[in-house]
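These notes concern the structure reproduced below.
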Amino acid sequence: MKTYLALIEPGDERHAHGVTFPDLPGVHSAADDENDILPKAIEALQLWAEDMDMPEPSDMATVTSLKEVRERLNAGHYLIAIPFIENDTAVVRANVTFERGLLRAIDTAAKGRSLTRSAFLACAARREIEGAH
């Protein structure tokens with residue numbers, strides 16, 4: 001998994017929060033609500049990756065050494081880390097171990113959502129990884 005730094009321009013009552021990526025010129029997004037910044041940024045990365053090769057992300061020191069980034073940070077913008085999970089359709093079998101009660105709960109929740117155990121666990125893992133940033 002790669003993590004890209006996004007530069008956020010704070011919004012207000014009349015303006016959306018702006019999202020740009022110093023490593024990916026031309027990739028941008030906006031979110032009316034502060035809680036939507038992360039999902040909108042993740043979506044922008046995923047859409048870019050559909051058509052373009054993803055470069056290796058720069059580290060914090062490299063990004064903050066850029067003159068434009070420093071200027072924007074001084075103007076009140078801020079950086080956040082955005083996780084990028086590569087879309088790779090190859091399916092890999094994995095052997096995992098769970099406490100029996102938890103496995104029953106997983107199976108019940110998966111069945112209630114008409115998902116397989118694997119699909120449920122994959123969705124839960126994606127939400128946890130993307131929401132942890």
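Just so it is clear, the values below take in all heavy atoms, side chains as well, and ignore hydrogens, waters and symmetry mates.
Taken together through direct or relayed side-chain contacts under 4.5 Å among Ile, Leu, Val, Met, Phe, Trp and Tyr, Leu47 and Ile37 form parts of separate hydrophobic clusters. A continuous path of Ile, Leu, Val, Met, Phe, Trp and Tyr side chains, each step under 4.5 Å between heavy atoms, connects Val27 with Ile80, placing both in one hydrophobic cluster. Hydrophobic clustering, with ILVMFWY side chains joined whenever heavy atoms are under 4.5 angstrom apart, keeps Leu66 apart from Val19. Val96 is not connected to Ile129 by any chain of hydrophobic side-chain contacts under 4.5 Å among Ile, Leu, Val, Met, Phe, Trp and Tyr, and they are in different clusters.
For the pair Ile106 and Phe98, the minimum side-chain heavy-atom distance is below 4.5 Å. Put simply, the side chain of Leu24 reaches to within 4.5 Å of the side chain of Trp48, judged on heavy atoms. Using a 4.5 Å heavy-atom threshold, the side chains of Ile82 and Thr3 count as separate. Counting heavy atoms from C-beta outward, Phe120 and Asp107 have side chains that stay 4.5 Å or more apart. Side-chain contact between Lys2 and Leu45 is absent, with no heavy-atom pair separated by less than 4.5 Å. No side-chain heavy atom of Ile8 sits less than 4.5 Å from a side-chain heavy atom of His77.
Looking at every heavy atom in both residues, Ala81 comes nearest to Pro83 through O-CD, 3.9 Å. Of all the heavy atoms in Met60 and Leu5, the pair that sits closest is CA-CD1, 3.7 Å.
Interatomic distance, CG of Leu121 versus OG1 of Thr116, reported as 8.5 Å (0.5 Å rounding). Distance OH/Tyr4 to CZ/Phe21: 10.0 Å, rounded to 0.5 Å. In this structure, the separation between CG on Leu7 and OG1 on Thr64 is 11.0 Å, given to the nearest 0.5 Å. Taken from CE in Met1 to CZ in Phe84, the straight-line distance is 11.0 Å, to the nearest 0.5 Å.
Pairs passing the side chain to side chain donor-acceptor pair (under 3.5 Å) check and including a residue from residues 26-43, sequence neighbours excluded, read Asp33-Asn35. Residues in residues 13-27 take part in these side chain to side chain donor-acceptor pair (under 3.5 Å) pairs, two or more places apart or across chains: Asp12-His15, Thr20-Arg72, Asp23-Ser58.
The 12-atom threshold is exceeded at CZ of Arg70, counting heavy atoms of other residues, nucleotides or ligands nearer than 6.0 Å.
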